[in-house]
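Accompanying notes for the structure given below.
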Amino acid sequence: MAERRPIVYDWEEGRGPGVSHAGRNLLKNEERILHSMNQLQKVTHSDHVRLSEDGRAVVILDQTQLPCRTVYLRLQTAEALYAAIRTLQVRGAPAIGICAGYGMYCLARSLEKAAPGEFLEKLRAFGAYLNSARPTAVNLSWAIRRMLGVAEKSAGGPVAETLALLRAECEAIHREDIAMCRAISEHGLALLREGDGVLTHCNAGPLATSRYGTALGPILLARERGMQLRVFADETRPLLQGARLTAYELQRAGVDVTLICDNMASIVMKNGWVNVCFVGCDRIAANGDFANKIGTSGVAILAKHYGIPFYTLGPTSTIDLNCKTGADIEIEQRPPEEIREKFYREPMAPPDVKCYNPAFDVTDHALLSGIVTEKGICRPPFAESLRRLFD
Ligand code: MRU
């Protein structure tokens, strides 16, 4: 009879001698768990927007090439930064803000030799130019204003000192976003139960922010803590952020994710597969109306019909009390080619057909169950709960 050999299991050594079949399976299981936790960490702990090592450029992961290629770009000039934001190589409201913060610092460094009187004037011009890249996400103007505020306060002093303060400010914007995303994730997780189905629209994950993301944050945190959820990701026409980015991030993180076309949200809700909807936001008005990726308001209307709670998750930097209602939010219009031909091998519409291509829509606050921020969950009436956040 063959000798029964004990299972020798030494994690450090990997598969040492004397490992039986059962032992090998155990090893494989543990390896699989460790591998999937490593994968999850790669998703939740990577910086997709950062300052280059020499501190002269912004390094971004080019989101337009995902999920097929992982390509990092170095952005050093105002034109390159503008184009990256405009074409969505960097996208998602908080990520745009972080990019703009670092971008303003790099542009300020390019003015090192400018005459003292010219420095501020030129930096303001750079800020105005970057700010014109996309109008809806408030984080872009918010980050630029923060950077200009620092430059204005130290105006007249040595440029080297101003640069040091600007560097500290852009790093603070990034650090704060990491902390806000983490706190949003914790608050959002409190809304979820084991086995829940969550529907999300567009991409409000680590790529769009830093680390955990906003709408995807609670889902990634749940995964980290061993909680099982089922996520339905709307593909999000026309630029497919749901298909290319959300499905990619969640699948890599080991989350059970099912990709659906936008027009399938109603059937998955009707089937009883969705317990809650989590979406991001680009600008929240003082009354709780909020702009997010086109199609969000349709999802909210469906959720109301089926009695499903609907939440938006975002940092307080996305709240704009200067906008009284959603009617004050400027909606970005984008080129017709995105509808007619983008992602198709050949055009899928008559070449000159008229197109209407708003990048965002506004969801009425009456459809919202709550706004999850880093400071907690705001409930209706939002005019009051949002104001209280800033008191
Ligand atoms: O046009 P995009 O891809 O920048 O739109 C992004 C969204 O609508 C996101 O939901 C929003 O920015 C929140 S990201 C945390």
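Counting starts at 1 for both ligands and their atoms, following the listed order. Basis for what follows: all heavy atoms, side chains included, without hydrogens, waters or symmetry-related copies.
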Between ligand 1 and the protein, which N/O pairs are shorter than 3.5 Å?
| residue | atom | partner | partner atom | Å |
| --- | --- | --- | --- | --- |
| ligand 1 | 1 (O) | Arg134 | NH1 | 3.4 |
| ligand 1 | 1 (O) | Arg134 | NH2 | 2.7 |
| ligand 1 | 1 (O) | Lys293 | NZ | 2.7 |
| ligand 1 | 3 (O) | Arg91 | NE | 2.4 |
| ligand 1 | 3 (O) | Arg91 | NH2 | 3.4 |
| ligand 1 | 3 (O) | Gln241 | NE2 | 2.9 |
| ligand 1 | 4 (O) | Gly92 | N | 3.1 |
| ligand 1 | 4 (O) | Arg134 | NH1 | 2.9 |
| ligand 1 | 8 (O) | Asp282 | OD1 | 2.9 |
| ligand 1 | 8 (O) | Asn292 | OD1 | 3.0 |
| ligand 1 | 8 (O) | Lys293 | N | 3.1 |
| ligand 1 | 10 (O) | Asn292 | OD1 | 2.6 |
| ligand 1 | 12 (O) | Ala93 | N | 2.9 |
| ligand 1 | 12 (O) | Asp282 | OD1 | 3.0 |
| ligand 1 | 12 (O) | Asp282 | OD2 | 3.1 |

Pair Lys342 + Glu338: basic N to acidic O under 4.0 Å: no
Pairs touching residues 159-177 that satisfy side chain to side chain donor-acceptor pair (under 3.5 Å), sequence neighbours left out: Tyr102-His174, Arg146-Glu169, Arg146-Glu176, Ser154-Thr162, Arg167-Glu171, Asp177-Ser210
Geometric class of the Phe382/His365 ring pair [parallel <30°, tilted 30-60°, perpendicular >60°]: perpendicular
Option from Leu220, Asp47, Leu245 for which side-chain contact (heavy atoms from CB on, under 4.5 Å) with Pro206 holds: Leu220
Residues Arg387, Glu384: salt bridge by 4.0 Å N-O rule: no
N/O donor-acceptor pair under 3.5 Å between Asn287 side chain and Ala383 backbone: no
